[in-house]
Amino acid sequence: MSLKPFGYPKELRLLNARDYQTVFNKVDVKAPSEHTLLLARVNNLGHPRLGFIFSKKNIRFAVQRNRIKRITKDYYRLNRHTLPNMDIIIMARKGVDQLSNDEVRSMLKKQFNKLAKRASKLTTINN
RNA sequence: GGAGUCAGCCAGACAGUCGCCGCUCGCUUGCGAGGGGAGGAAAGUCCGGGCUCCAUAGGGUAGGGUGCCAGAUAACGUCUGGGCGGCGAAAGCCGACGGCAAGUGCAGCAGAGAGGAGACCGCCUUAGGCUUCGGCCUUCGGUAAGGGUGAAAGGGUGCGGUAAGAGCGCACCGCAACACUGGUAACAGUUGUUGGCGAGGUAAACCCCACCUGGAGCAAGACCAAAUAGGAUUCCGUUCGGCGUGACCCGCGCUGGAAUCGGGUAGGUUGCUUGACUGUACGAGUGAUUGUGCAGCUAGAUGAAUGACUGUCCACGACAGAACCCGGCUUACCGGCUGACUCCCCCA
RNA sequence: CGGGCAUUAGCGCAGUCUGGUAGCGCAUCGUCAUGGGGUGGCGAGGGUCACAGGUUCAAAUCCUGUAUGCCCGA
């Protein structure tokens, strides 16, 4: 792999419905909170992959949806080296569009840290 | 200087760092360089058109739409100009603005009467009775001026007329029909003649008239790979029947049909941006719009790009995010700029 | 992205086509019956008919726009 250190190419995303379905079929780690729900499953690709489900039902206006997506993406590509090798789905709940950019970032930090902590616990048990 | 009307434009700027999606070029199979990367509404999906498939969209019926006139346009429910009506002091703005004299329906309650209407009170009068001679009661009638009901009561004002009244007659105003004049037309008129004026409201009620209208939608459709296959059995049929064209009938196109058994599914590419395009010059037109020349290429994703952070400045940044593409309409919106016009005040 | 439907009392629904009175069941309140409660009988209250314009004498109903919720088409 000769990826740019903070890039966001397609290898680092979940791309089609099958990718999403495999995660839903067997969730290894969950990280719920008031505004989001993270689901993750261990992969053996040597890097994490991210996908998001921000539905129109939970975030009504397209401008707000795009804003949350972009901040999430940006946070992910800057911090992916701290994440375990998993396929991660981040789902939005109602009310996320009320948060400011800084609030979204701190919320993401908390959630990803929670995920990494639980994942490390999982791998030690498996080993 | 103030108040207002109309038309058009802008939608924070600059620099740095880290990223995302196309395009071109270079080397080469992932990097480098260059250049591009949301809107005026991208929205709502309320109309119209292109495009695609169904027949090249054909005939009829039903259904739907539009609704003063003329024009613009690919087309429209849009736009422009004009007419009529309304609002405003004006610039200007607003209007589903055909027909109820083809037919049918509707109008609760109130009211005498709700449509060639109607005597409840009233007014006048015939006959009779009573009388304190003022009139009162009963009654045959006349009467739409007044009261009262209602959203709405079958021209208005005045004079004459009359028992009291009434377009009953006359004058003026209004109205209708015809003619004339102007205008392509809608329509208009210090025009003329005729008519006493007789059939009011509602068509965003059914409906009538005129014009328009085939259906579906890029999840349309096309291509590649795979697959519906290839099979087996039974029954029916071979001018029949079935399928497709999704309102119905005709027509047209394709084709043997049905049941059971067994077998089996996976996506990718394209459509996808050069267009009723943009800018500019000259010309046609009151204008919407349009002709010709020159120049330009201005998002094209497919879990879906156009962003985040830092710094500086200011008027402290609204509504809001393309998904086949255009033309409109409607709705949302912090502010700012330009031009034209109207009215008022002051100065010269 | 495209196509369609709904919104009426606290809740579930009629009424809208064909304009004039907004109604039904449950729930709420009062009262009768019971020693008390439930069940039952009788009675009452509660509605800007989602919002804003328009047509009409008159709009829940007809027309136009807006908002919200739901369904269908890979």
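Proteins get letters first, then strands, A, B, ... in listed order; numbering begins at 1 in each.
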Between A:L12 and A:R77, is a side-chain contact (heavy atoms from CB on, under 4.5 Å) present by the stated rule, with each step listed? CA-CA 9 Å; A:L12 299 178; A:R77 71 179 179 79; over 6 Å; no

Could you give the [atom1]-to-[atom2] distance, from [X] to [N], as a whole number of Å?
X: A:D97; N: B:A320; atom1: CG; atom2: P; answer: 12 Å
X: A:H81; N: B:G19; atom1: NE2; atom2: C1'; answer: 13 Å
X: A:F61; N: B:C319; atom1: CZ; atom2: P; answer: 11 Å
X: A:I68; N: B:G307; atom1: CD1; atom2: P; answer: 15 Å
X: A:L12; N: B:G19; atom1: CG; atom2: P; answer: 12 Å
X: A:Q64; N: B:A320; atom1: CD; atom2: C1'; answer: 10 Å
X: A:R105; N: B:A308; atom1: CZ; atom2: P; answer: 9 Å
X: A:K69; N: B:C21; atom1: NZ; atom2: C1'; answer: 14 Å

[N]: syn or anti, per glycosidic angle within 90° of 0:
N: B:U270; value: anti
N: B:A55; value: anti
N: B:G134; value: syn
N: B:U273; value: syn
N: B:G198; value: syn

Want to settle it: does A:L78 or A:I71 sit nearer the 5' end of RNA chain B, counting the closest nucleotide to each? A:L78

Pick the nucleotide of RNA chain B nearest each of A:R77 and A:D74; which residue has the one closer to the 5' end?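 Result of the comparison: A:R77.
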
If we take the [atom1] atom in both [N] and [M], what is their distance in whole Å?
N: B:U270; M: B:G215; atom1: P; result: 34 Å
N: B:C309; M: B:G2; atom1: P; result: 42 Å
N: B:A75; M: B:G291; atom1: P; result: 13 Å
N: B:A114; M: B:G86; atom1: C1'; result: 30 Å
N: B:G39; M: B:C206; atom1: C1'; result: 47 Å

Are A:R13 and B:C21 close enough that a side-chain N or O sits under 4.0 Å from OP1 or OP2?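 Result: yes.
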
Pairing partner of [N] (Watson-Crick or G-U wobble, both distances under 3.5 Å):
N: B:C235; value: B:G257
N: B:C175; value: B:G195
N: C:C13; value: C:G23
N: B:U61; value: B:A247
N: B:C294; value: B:G279
N: B:C31; value: B:G26
N: B:A43; value: B:U330
N: B:C313; value: B:G12

Does some side-chain heavy atom of [Y] sit less than 4.5 Å from a side-chain heavy atom of [X]?
X: A:K121; Y: A:K117; result: no
X: A:R67; Y: A:I71; result: yes
X: A:L50; Y: A:R13; result: no
X: A:T72; Y: A:F54; result: yes
X: A:N113; Y: A:K110; result: no

For [X], answer base if it contacts any base atom (sugar-phosphate contacts may also be present), sugar-phosphate if it contacts only those atoms, and nothing otherwise; contact means non-hydrogen atoms under 4.0 Å.
X: A:R65; answer: nothing
X: A:R67; answer: nothing
X: A:F52; answer: base

Quick check for you: among [options], whose closest atom lies nearest to any side-chain atom of [X]?
X: A:N66; options: B:A304, B:A38, B:A308; answer: B:A38
X: A:K73; options: B:G321, B:U306, B:C309; answer: B:U306
X: A:Y8; options: B:G321, B:A304, B:C309; answer: B:A304
X: A:I53; options: B:G303, B:A308, B:G321; answer: B:G303

Below 4.0 angstrom, which residues in residues 28-38 of chain A have at least one non-hydrogen atom near RNA chain B?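 Residues of residues 28-38 of chain A that come under 4.0 Å of RNA chain B do not exist, since none gets that close.
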
Would you call the rings of A:F112 and A:Y75 parallel, tilted or perpendicular, where under 30° means parallel and over 60° means perpendicular?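 Ring orientation of A:F112 relative to A:Y75: parallel.
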
Cationic N near anionic O, under 4.0 Å, A:D87 to A:R49: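 Answer for the salt bridge query: yes.
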
When you group the ILVMFWY residues by side-chain heavy-atom contacts below 4.5 Å and let the links chain together, are A:I68 and A:F61 in the same group? no

Membership question, hydrophobic clusters at under 4.5 Å side-chain separation (ILVMFWY): are A:M91 and A:V27 in the same one?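 A:V27 clusters together with A:M91.
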
Would you say the side chain of A:R70 and the base of B:G321 hold a donor-acceptor pair, judged only by whether the two atoms sit under 3.5 Å apart?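 Counting by modelled atom types and ignoring angles, a donor-acceptor contact under 3.5 Å is found here.
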
